[in-house]
Amino acid sequence: MTDVEKRHATPATLEWEYAPAPEARDIVSFQQRYGLFVGGEHVEPRTGEWFASISPATEEPLAEVALAGAEDVDLAVGAARDAYENGWSGLRASERAKYLFRIARILQERSRELAVAESLDGGKPIKESRDVDLPLAAAHFFYYAGWADKLEYAFPNRGPQPLGVAGQIIPWNFPLLMLAWKIAPALAAGNTVVLKPAETTPLTALLFTDVCRQAELPPGVVNIVTGDGSTGAHLVKHAGVDKIAFTGSTEVGKAIQRELAGTGTRLTLELGGKAANIVFDDCALDQAVEGIVNGIYFNQGHVCCAGSRLLVQESIAETFVGKLKRRLTTLRVGDPLDKNTDVGAINSKAQLEKIRELVASGKEEGAEIYQPPCVLPEKGYWFAPTVFTNVAQSYRIAQEEIFGPVLSVLTFRTPEEALEKANNTAYGLSAGVWTEKGSRILWMAERLRAGVVWANTYNRFDPASPFGGYKESGFGREGGRHGLEPYLRFE
Ligand code: NAI
Ligand code: MG
């Protein structure tokens, strides 16, 4: 097309070509192998077993990591106990704060390296790891650093005391950010930790061990044990752990709760969700379209609070879904390290299979599927952004957490009906409301059974704001002053 032709072309005939904008990956160098981080040292696993973490975008192995067994977990818990009793718990609170501030600053300094590592290991777009995961992880450490020497003010006249050793198990969707959500409040409250990253995304936690070293954090305050579900189970069962914090699937959360019932070990669970994003006919439609897109396609939909059910008022449903579909055609799916990428790789083969299976069930049960035309790379794990219309509440795609870039659209006529449908779920983590009327926002927010309700926005996070669920989404809060409480006992 010549320049003159381009100027006269209609948007439909004009092809906007993006030049590739790859982030350089040589800022990260992974070791060939990573041992376990126990007592400030990298040690070989007693099991003698290792496994590879791959890049889900290319299936290329990035590094080998240790598979920790019961004995390894025991050594890590021992190191954490030792650090707790012989130093950390007796340290002046302002000293604890100092280490947390240092970690926060080092995360900022090394943010490009860590963002690239996060995108390589987990498949998320670099613009998300760069602009969301890393800044929020650093902000979390800054925030809790501020509380470390002010616990008496956070909980006046209650005599807050640390619990001891915290066992923390995190998922693969926000690896470094979930590490920050777990480690920052635990350390601020005066505990030591043993953290187990997810098996598909252990690498940023292992790079974090170098951040701890740089910050001169006393050995044993943070211990990292890599491995799979069996490693997590050993940590849960360990009698030397005073508190378990788990983020992951509802199924595993229930198993952990059963395991710990009656043991006295403190527990918080942050589990799945099936959030309703509710669009009323008086809202700013185009702004709402952006919010819906952000709600379900951000991080490939691997988000516990994803707005995976769109409830749209019947009077605008056709217009709104039309706008949404048009917007989907502009989403760029592909190389996570390209700065223009909106939707990256699905985190693992297993997760891709789960998404495919649920999408197949949606078609079978009678929903209508839409996917914008897009060419998916041949290697790696990919799934096109997907919208289902004609969805009944009973369909599996309206009930089950898909944890992928798949939106189910339902309609409603009245606020009461929207509310009833939104609350018709076993989960209760988050919800979104889009309307011009403040009174309606308040009316809805009061009645939605969800830990977080966003109004005319979605997926907003701030370390000062508590986050957590109702019902099968778990219990306990992370973030804010509330996030300290699960790591403290009171006199
Ligand atoms: P998962 O719950 O199995 O894994 C999360 C973490 O728990 C990982 O570190 C894993 O190694 C560990 N784990 C697994 N079994 C354990 C056990 N018995 N005891 C202690 N720790 C254990 O989740 P998975 O299999 O990776 O994903 C399955 C589904 O779970 C996803 O499709 C999604 O629907 C949901 N999920 C929800 C998350 C959330 O943030 N709410 C995060 C990850 C998954
Ligand atoms: Mg990986």
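Throughout, numbering of the chain's residues begins at 1 and tracks the sequence. Counting starts at 1 for both ligands and their atoms, following the listed order. As the structure is a computational prediction, the values presented were derived from the model and not from experiment.
- In this structure, His42 places its NE2 atom where more than 12 heavy-atom neighbours from other residues, nucleotides or ligands lie under 6.0 Å away.
- Contact analysis puts Gly272 in contact with ligand 1, with a non-hydrogen atom separation below 4.0 angstrom.
- Ion pair Glu118/Arg130 not flagged as a salt bridge, since none of the NZ, NE, NH1 or NH2 atoms sits closer than 4.0 Å to an Asp/Glu carboxylate oxygen.
- Residues Val211 and Ile106 have side chains in contact (heavy-atom distance under 4.5 Å, counting atoms from C-beta outward).
- In summary, the aromatic rings of Phe467 and Trp181 are positioned with their centroids under 6.0 Å apart.
- Of the protein's non-hydrogen atoms, Gly229 CA, 3.4 Å is the one closest to atom 14 (C) of ligand 1.
- Proximity to Asn173 (heavy-atom distance under 4.0 Å) selects the following atoms of ligand 1: 40 (O).
- Using 4.0 Å as the threshold, Gly253 has no heavy atom nearer than that to any atom of ligand 1.
- Shown here is Gln214, whose CD atom has more than 12 heavy atoms of other residues, nucleotides or ligands within 6.0 Å.
- Interface of Glu401 with ligand 1, defined as ligand atoms under 4.0 Å from a residue heavy atom, comprises 33 (C), 34 (O), 35 (C), 37 (C).
- Below 3.5 Å of separation, one finds an N or O of Ile170 facing an N or O of ligand 1.
- Per-residue contacts place Trp172 under 4.0 angstrom from the following atoms of ligand 1 (heavy atoms of the residue considered): 24 (P), 26 (O), 27 (O).
- Heavy-atom contacts of Pro171 reach the following atoms of ligand 1: 42 (C), 43 (C) (cutoff under 4.0 Å).
- Under 4.0 Å from ligand 1, not a single heavy atom of Ala255 appears.
- Scanning the protein for heavy atoms near atom 16 (C) of ligand 1, the closest one is Val252 CG1, 3.4 Å.
- Residue Glu199 touches ligand 1 through its side chain alone, judged by heavy-atom distances below 4.0 Å.
- Counting the atoms of ligand 1 from 1 in the order shown, those under 4.0 Å from a heavy atom of Gln351 are 31 (C), 32 (O).
- Ion pairing between a basic and an acidic side chain is recognised when a charged N comes within 4.0 Å of a carboxylate O; Asp131 and Lys339 show no such pairing.
- Side-chain atoms of Thr58 and Glu60 form a donor-acceptor pair, as typed in the model, at a separation below 3.5 Å.
- At least one side-chain heavy atom of Val77 sits under 4.5 Å from a side-chain heavy atom of Leu235.
- Distance check: Leu207 CG to Leu114 CG gives 6.0 Å after rounding to the nearest 0.5 Å.
- Protein heavy atom at the shortest distance from atom 12 (C) of ligand 1 is Ile169 CG2, 3.7 Å.
- For Pro202, every N, O or S atom stays at 2.8 Å or more from the Mg ion (ligand 2).
- Every atom of ligand 1 is numbered from 1 in the order shown, and the set under 4.0 Å from a heavy atom of Asp228 is 11 (O).
- Distances from atom 25 (O) of ligand 1 to the protein include no heavy-atom value under 4.0 Å.
- Every atom of ligand 1 with a heavy atom of Lys354 under 4.0 Å away is listed here by number and element: 29 (C), 31 (C), 32 (O), 33 (C), 34 (O).
- Of the candidates Gly248, Ala198, Ser249, Ser249 brings a heavy atom nearest to atom 1 (P) of ligand 1.
- Salt-bridge formation is detected for the pair Glu357/Arg396: a Lys NZ or Arg NE/NH1/NH2 atom is positioned less than 4.0 Å from an Asp or Glu carboxylate oxygen.
- The closest approach between Phe174 and ligand 1 stays at or above 4.0 Å for every heavy atom of the residue.
- Under 4.0 Å is where a charged nitrogen must lie from a carboxylate oxygen, and between Glu59 and Lys349 no such pair does.
- Of the protein's non-hydrogen atoms, Phe403 CZ, 3.5 Å is the one closest to atom 37 (C) of ligand 1.
- Using a 3.5 Å distance cut-off with no hydrogens or angles, the side chains of Lys471 and Thr425 do not pair a donor with an acceptor.
- Every atom of ligand 1 is numbered from 1 in the order shown, and the set under 4.0 Å from a heavy atom of Ala233 is 19 (N), 20 (C).
- For the pair Arg489 and Asp242, the salt-bridge criterion is not met [side-chain N within less than 4.0 Å of a carboxylate O].
- For residue Ser348, no N/O/S atom approaches the Mg ion (ligand 2) to within less than 2.8 Å.
- Heavy atoms from other residues, nucleotides or ligands lying under 6.0 Å from CZ of Arg447 number more than 12.
- Not one N/O/S atom of Asn347, from backbone or side chain, sits under 2.8 Å from the Mg ion (ligand 2).
- At a 3.5 angstrom cut-off on N or O pairs, Gly232 does not count as close to ligand 1.
- The protein heavy atom nearest to atom 39 (C) of ligand 1 is Cys304 CB, 3.4 Å.
- In the model, Trp454 has no side-chain atom that pairs as donor or acceptor with a side-chain atom of Asn459 under 3.5 Å.
- By the criterion of a heavy-atom distance under 4.0 Å, the backbone of Leu271, and not its side chain, is placed next to ligand 1.
- Angle OG(Ser53) to the Mg ion (ligand 2) to OD1(Asp121): 60° [nearest 10 degrees].
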